[in-house]
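To start, the structure under review is shown below, and the notes come after it.
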Amino acid sequence: MSDTYFEFGTAADRWDRAQMFFEAKEYMTAARILEGLVEEVPEQVSPRLLLARAYYHSARLGRAETELRAVLERDPVEPYARLMLGRTLERQGRSAEATGHLRMAAALSGDFDVDADRRTGG
């Protein structure tokens, strides 16, 4: 696929295309499209969050962490970004660092008993 395919169309067209690739589990392709969108509109949280998810699912955990931290700089109370950052850190073997983010995600979502979820395997 040529690079022009990833850059073709309006930002809305590229957003739709990236979502389509993400839903098809073509995470690397989705990330490639989203990288351009994030560069174009760095203040928007949604493209950056989907980019972080694409990185996470393609095991590019360092990049996922970077994008999630950028999301949280813009929106510190974004519960899904907190949850994903916690899961990303866990996957990197950084459980102690993950705990605070997971607890905050649970609190922001209204689930105050994070430990009960872990005890039941949820």
Side-chain angles (χ1 to χ4, degrees):
M1 233 177 283
S2 72
D3 285 338
T4 57
Y5 177 76
F6 300 105
E7 300 165 359
F8 180 75
T10 65
D13 293 335
R14 288 177 282 139
W15 171 248
D16 290 341
R17 191 176 312 123
Q19 289 180 305
M20 178 190 70
F21 279 108
F22 185 88
E23 289 169 11
K25 298 184 180 183
E26 294 287 336
Y27 303 118
M28 302 274 288
T29 304
R32 204 160 162 199
I33 296 166
L34 289 162
E35 287 165 354
L37 273 176
V38 165
E39 196 173 296
E40 187 176 322
V41 286
E43 70 283 354
Q44 290 190 2
V45 170
S46 294
R48 195 175 291 273
L49 189 55
L50 189 59
L51 177 57
R53 291 176 65 200
Y55 285 151
Y56 178 87
H57 288 297
S58 59
R60 295 188 283 178
L61 302 177
R63 288 183 177 199
E65 179 183 350
T66 298
E67 293 304 326
L68 290 164
R69 290 189 187 280
V71 166
L72 292 169
E73 281 179 21
R74 288 161 177 75
D75 186 358
V77 294
E78 166 48 61
Y80 192 69
R82 288 275 172 206
L83 175 65
M84 277 197 61
L85 181 56
R87 297 287 184 236
T88 300
L89 293 169
E90 281 183 331
R91 242 176 114 181
Q92 294 178 73
R94 296 160 59 191
S95 296
E97 192 177 344
T99 300
H101 294 287
L102 294 173
R103 286 182 188 271
M104 189 175 294
L108 290 168
S109 299
D111 179 12
F112 295 101
D113 195 1
V114 177
D115 295 325
D117 189 40
R118 290 185 184 274
R119 285 191 302 270
T120 60

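No experiment lies behind these values; they were computed from the predicted model shown. The figures that follow rest on heavy atoms only: side chains count, while hydrogens, waters and symmetry mates do not. Here, residue 1 is the first one in the sequence, and each next residue gets the next number.
- Ring-plane geometry between H57 and Y27 is classed as parallel, the angle between the planes falling under 30 degrees on a 0 to 90 degree scale with a further cut at 60.
- One finds the CH2 atom of W15 at 13.5 Å from the CE atom of M20 (value rounded to the nearest 0.5 Å).
- Here the CZ atom belonging to R32 is positioned 12.0 Å from the CZ atom belonging to R17, to the nearest 0.5 angstrom.
- Linking ILVMFWY side-chain heavy atoms closer than 4.5 Å, directly or via other members, places L50 and V45 in two distinct hydrophobic clusters.
- The side-chain heavy atoms of R14 and E40, taken from C-beta on, include a pair separated by under 4.5 Å.
- No more than 12 heavy atoms of other residues, nucleotides or ligands sit less than 6.0 Å from atom CD of E39.
- Across A81 and V71, no two heavy atoms sit closer than the pair CB-CG1, 3.6 Å.
- With respect to the salt-bridge test (charged N to carboxylate O, under 4.0 angstrom), the residues E35 and R63 qualify.
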Q: Dump the intermediate steps for side-chain contact (heavy atoms from CB on, under 4.5 Å) on E90 and L102, then the final yes or no.
A: CA-CA 10 Å; E90 281 183 331; L102 294 173; 3.3 Å; yes
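- Looking at every heavy atom in both residues, P79 comes nearest to V77 through CD-O, 2.9 Å.
- Salt bridge E67/R53: absent, no basic N to carboxylate O contact under 4.0 Å.
- Tracing side-chain contacts under 4.5 Å through hydrophobic residues (I, L, V, M, F, W, Y), one never reaches Y55 starting from L68; they form parts of separate clusters.
- At a cut-off of 3.5 Å, with distance as the only test, no side-chain donor of E97 or Q92 sits close to an acceptor on the other residue.
- Salt-bridge check for R69 with E65: passed, with a basic side-chain N closer than 4.0 Å to an acidic carboxylate O.
- Under a hydrophobic clustering in which Ile, Leu, Val, Met, Phe, Trp and Tyr are joined whenever their side-chain heavy atoms come within less than 4.5 Å, directly or via other members, F21 and L34 fall into different clusters.
- Nearest heavy-atom pair, H101 versus L85, reported as atom, atom and distance to 0.1 Å: CE1-CD2, 3.4 Å.
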Q: Could you check Y80 against L49 for side-chain contact (heavy atoms from CB on, under 4.5 Å), going step by step and ending with a plain yes or no?
A: CA-CA 9 Å; Y80 192 69; L49 189 55; 4.1 Å; yes
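- Geometrically, R91 engages Y56 in a cation-pi contact defined by less than 6.0 Å to the ring centre and at most 45° from the axis.
- For the atom pair L51 CG and S46 OG, the distance stands at 12.0 Å (nearest 0.5 Å).
- Residues M28 and S58 approach most closely at SD-CB, 3.9 Å, considering heavy atoms.
- Of the possible donor and acceptor atoms, one in the side chain of R74 sits under 3.5 Å from a partner among the backbone N and O of A70.
- L72 and L61 end up in the same hydrophobic cluster when Ile, Leu, Val, Met, Phe, Trp and Tyr side chains are linked at under 4.5 Å.
- For the atom pair D16 CG and I33 CD1, the distance stands at 10.5 Å (nearest 0.5 Å).
- Contact record, A18 with A30: O-CB, 3.5 Å, taken as the closest heavy-atom pair.
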